[in-house]
Amino acid sequence: MQLGRQLKLEVYGESHAPKIGMRLTGFPRGERVDVDKLQTFMERRAPGRDSNSTQRREPDEVEFVSGLDAKGVTTGGTIEAIIRNRDCRSGDYEKSVPRPGHADYPNWVKTGTIPPGGGANSGRMTAPMCIAGALALQSLERKGVKIAAKAVFCPDIEEAKREGDSVGGIIECEIDGLKPGLGGAMFDGFDGAIAEAIFGIPGVKGIEFGNGFAAARLRGSENNDPFAIENGKVVTLGNNHGGILGGMTSGMKVVFRVAMKPTPSIYKEQKSVDLSTMTPVALTVRGRHDPCIALRAVPVVEALAAFTALDFILEDETSVEYGENLMEEIASLGKCVIDSNVARLYPRLAENAIFTVPSGEATKTIDTVSAMWSAFAKAGLGRNDCIVAIGGGVTGDMTGFAAATFMRGIDWINVPTTLLSMVDASFGGKTACDLPEGKNLAGAFHSPRSVIIDTAFLRTLPARELACGRAEMIKHEIISGRVSPASGAGIPSLDELKKSLAVKIATVKRDPCERTGERMKLNAGHTVAHALEKATGFALTHGEAVAIGCVEEARLAERLSLAKPGWADEVKARFQAAALPTELPDGISFESLKPLMAGDKKRDGASVVFALPCGWGDVRAWRMDLSPKTLPETGHNKGEQ
């Protein structure tokens, strides 16, 4: 049972199991947890606290297993917490007679048994949800986001209790302080995610936002909320939309209501069947049950609203941390995979290494990944562990791929140590290794939990490696259309780094898994570059190949009349200013690269899709057959001059 996108929640256990618990991954590190405040929040949901709740007595004391250090500060690792069940009476429950209105019968069909206390379908399972929600609420409070829920409708509970019956209720929740634009269209909607989370609460039968179902009885002129300006901000003069338009937050309060059904376990006699004998029976439920589950569900609604809000905020933010001289912090992250050159230069970081990657693209193979898997297994890494990658793009790509596939996926943290990996490979979740048939052909999308960029690493980079990274930064200038006024040589400033990586982050967010074509823009120059790297036996660095590839593909765009005359010369001059090569090596031509380009990972049948740089801020996907008779020659291949 798992929920979330950037922030992931897993709830485990059953109502009458020895314990119930939750695992929370993706929670930011460095956040202090007020454990007393968390426990106070748990008390609001705990059973046996008043006459209108079940008399099952559970202290609901939270025990943290992992994810917090000795000072109660989050480590960035998986937060796991448990609650021990201390007051179970499984004998109160029928073993083969399903309670009307409960999940007993579907459970019998699915598993062959009726779990005591409702098993995983019990309201007891909302306690672990509240642990995650309490953590999210504390984080949101620091961000200025407030969440409050209350029961707005509940029939006469006392009367229902006297009659051995139960009642339902309606809970209203408000989320205040969310910026506009969180969420997305269709299946990426904020409201859809709230609904998914809320329907995880046993007993929920409906949810509505803003006017909800009442909007169906209104005209557009009555339901629409006019826009206005207040204190320089766009607001609406009403909130019929409940703070969500088209799946995205509007900046107004998010308001939704939840309908809870009456508790199915009632003391009135009801008709049922004995599933073991397939005969009708009269059932009188025993045990201890809430006459109205809506009351104790109020903090659960707050908890899951907080979880979802924080999840979307974290997804909107970047997981990139910038700094200088973070060596001790990086060393404290735990077990790592490290590049051999980095290990030599920074022995403190190598102390936690369980695998050392020989430097160079030639080691980016499935054999190296297989060796990583073995190292992970020997080091005892489990599903809830995290591995740290310290090195350039090769180390990050392979460690991420190994993490994506070891035990069907474990977390990883990326610590890029080259300029190229900082501005390109560090963010986006593309992980891979090379095959004999081509570069990056085996891989997976598996984003790191976080990226830590320490600019101190750049001080030990050779000039050629710095220029290599500058090539990707110039590529980002082409994509964004914003040309840096700097010369483009040497160690970039922190501001330059952030601006360059921001181009990739924005592009990736618009197309995380390369489905719409937007993310393909990041492959500008790369079809030629990957072929060129292979043709030269990786004698050229990736950045050098990208520089030449961008110039060659700009020339191709001119030949195809997709770019203005002289465009390729502009691109060439920009790369030359960064001391990068811009011409194909002797003996290699565009024609000779075609067989290698035909094996590019962006191929589609007999065609290859280029991300052609056609102007500043203009990169286009262009599909073409690479046979000589269909592709115009650029006329700028050194091997043919």
Please answer whether the main-chain N or O of [Y] pairs with a side-chain N or O of [X] as donor and acceptor at a distance below 3.5 Å.
{"X": "D311", "Y": "Q6", "value": "yes"}
{"X": "D69", "Y": "V73", "value": "yes"}
{"X": "D411", "Y": "N384", "value": "no"}
{"X": "D176", "Y": "K146", "value": "no"}
{"X": "T249", "Y": "G251", "value": "no"}
{"X": "D104", "Y": "P98", "value": "no"}
{"X": "H446", "Y": "I410", "value": "yes"}
{"X": "T236", "Y": "G238", "value": "yes"}
{"X": "S370", "Y": "I366", "value": "no"}
{"X": "T111", "Y": "W108", "value": "no"}

Side chains of [X] and [Y]: donor-acceptor distance under 3.5 Å anywhere?
{"X": "S450", "Y": "R29", "result": "no"}
{"X": "W412", "Y": "T399", "result": "no"}
{"X": "D225", "Y": "N239", "result": "no"}
{"X": "E31", "Y": "S139", "result": "yes"}
{"X": "S265", "Y": "T263", "result": "no"}
{"X": "H241", "Y": "S250", "result": "yes"}

Would you please name every residue forming a side-chain hydrogen bond (donor to acceptor under 3.5 Å, both in side chains) with K143, sequence neighbours left out?
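In terms of side-chain hydrogen bond (donor to acceptor under 3.5 Å, both in side chains), with neighbours along the sequence ignored, K143 is linked to E317.
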Assess whether side-chain contact (heavy atoms from CB on, under 4.5 Å) is satisfied between I266 and V285, documenting all intermediate values.
CA-CA 6 Å; I266 59 176; V285 174; 5.7 Å; no
If every non-hydrogen atom of [X] is compared with every non-hydrogen atom of [Y], which pair is closest and at what distance?
{"X": "I82", "Y": "Y12", "answer": "CG2-OH, 3.2 Å"}
{"X": "A120", "Y": "E14", "answer": "N-CG, 3.9 Å"}
{"X": "F64", "Y": "A81", "answer": "CD2-CB, 3.9 Å"}
{"X": "F213", "Y": "I207", "answer": "CE1-O, 4.5 Å"}
{"X": "D274", "Y": "S96", "answer": "OD1-OG, 2.9 Å"}
{"X": "L314", "Y": "P28", "answer": "CD2-CG, 3.7 Å"}

Distance from [X] atom [atom1] to [Y] atom [atom2], nearest 0.5 Å?
{"X": "N414", "Y": "R449", "atom1": "CG", "atom2": "CZ", "result": "13.0 Å"}
{"X": "E174", "Y": "E302", "atom1": "CD", "atom2": "CD", "result": "11.0 Å"}
{"X": "R383", "Y": "T25", "atom1": "CZ", "atom2": "OG1", "result": "10.5 Å"}
{"X": "T431", "Y": "N440", "atom1": "OG1", "atom2": "CG", "result": "9.5 Å"}
{"X": "I157", "Y": "S166", "atom1": "CD1", "atom2": "OG", "result": "10.5 Å"}
{"X": "L310", "Y": "E315", "atom1": "CG", "atom2": "CD", "result": "11.5 Å"}

Could you go step by step and tell me if T368 and F355 meet the side-chain contact (heavy atoms from CB on, under 4.5 Å) rule?
CA-CA 10 Å; T368 307; F355 188 83; 4.0 Å; yes
Flag the pair [X] / [Y] as yes when at least one side-chain heavy-atom distance between them is below 4.5 Å, and no otherwise.
{"X": "C154", "Y": "C292", "result": "yes"}
{"X": "E269", "Y": "L283", "result": "no"}
{"X": "K37", "Y": "E141", "result": "yes"}
{"X": "R23", "Y": "I79", "result": "no"}
{"X": "N121", "Y": "P202", "result": "no"}
{"X": "K268", "Y": "E163", "result": "yes"}
{"X": "L135", "Y": "L38", "result": "yes"}
{"X": "S447", "Y": "F427", "result": "no"}

Could you check K8 against L3 for side-chain contact (heavy atoms from CB on, under 4.5 Å), going step by step and ending with a plain yes or no?
CA-CA 6 Å; K8 298 186 186 300; L3 177 73; over 6 Å; no
Give the C-alpha distance, both sets of side-chain angles, the deciding distance and a yes or no for side-chain contact (heavy atoms from CB on, under 4.5 Å) between T308 and I175.
CA-CA 11 Å; T308 305; I175 309 175; over 6 Å; no
Counting only heavy atoms not in Y267 (residues, nucleotides, ligands), do more than 12 fall under 6.0 Å from its OH?
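Atom OH in Y267 is packed in, count exceeds 12.
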Quick one: salt bridge (charged side-chain N to carboxylate O under 4.0 Å, His left out) pairs with a partner in residues 202-213, sequence neighbours left out?
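Of all non-adjacent pairs touching residues 202-213, those that pass salt bridge (charged side-chain N to carboxylate O under 4.0 Å, His left out) are E208-R257.
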Does this structure show an ion pair linking [X] with [Y], if we count only N-O contacts that are shorter than 4.0 Å?
{"X": "K335", "Y": "D385", "value": "no"}
{"X": "E61", "Y": "R84", "value": "no"}
{"X": "D60", "Y": "R124", "value": "yes"}
{"X": "E63", "Y": "K19", "value": "no"}

As a quick check of understanding, evaluate side chain to side chain donor-acceptor pair (under 3.5 Å) for R219 and N224, giving each step before the final call.
CA-CA 8 Å; R219 293 188 175 187; N224 292 345; over 6 Å; no
Please identify each residue that fulfils ring pair (Phe, Tyr, Trp, His ring centres under 6.0 Å) with [X], with sequence neighbours left out.
{"X": "F376", "value": "F406"}
{"X": "F27", "value": "none"}
{"X": "F209", "value": "F256"}
{"X": "F190", "value": "F312"}

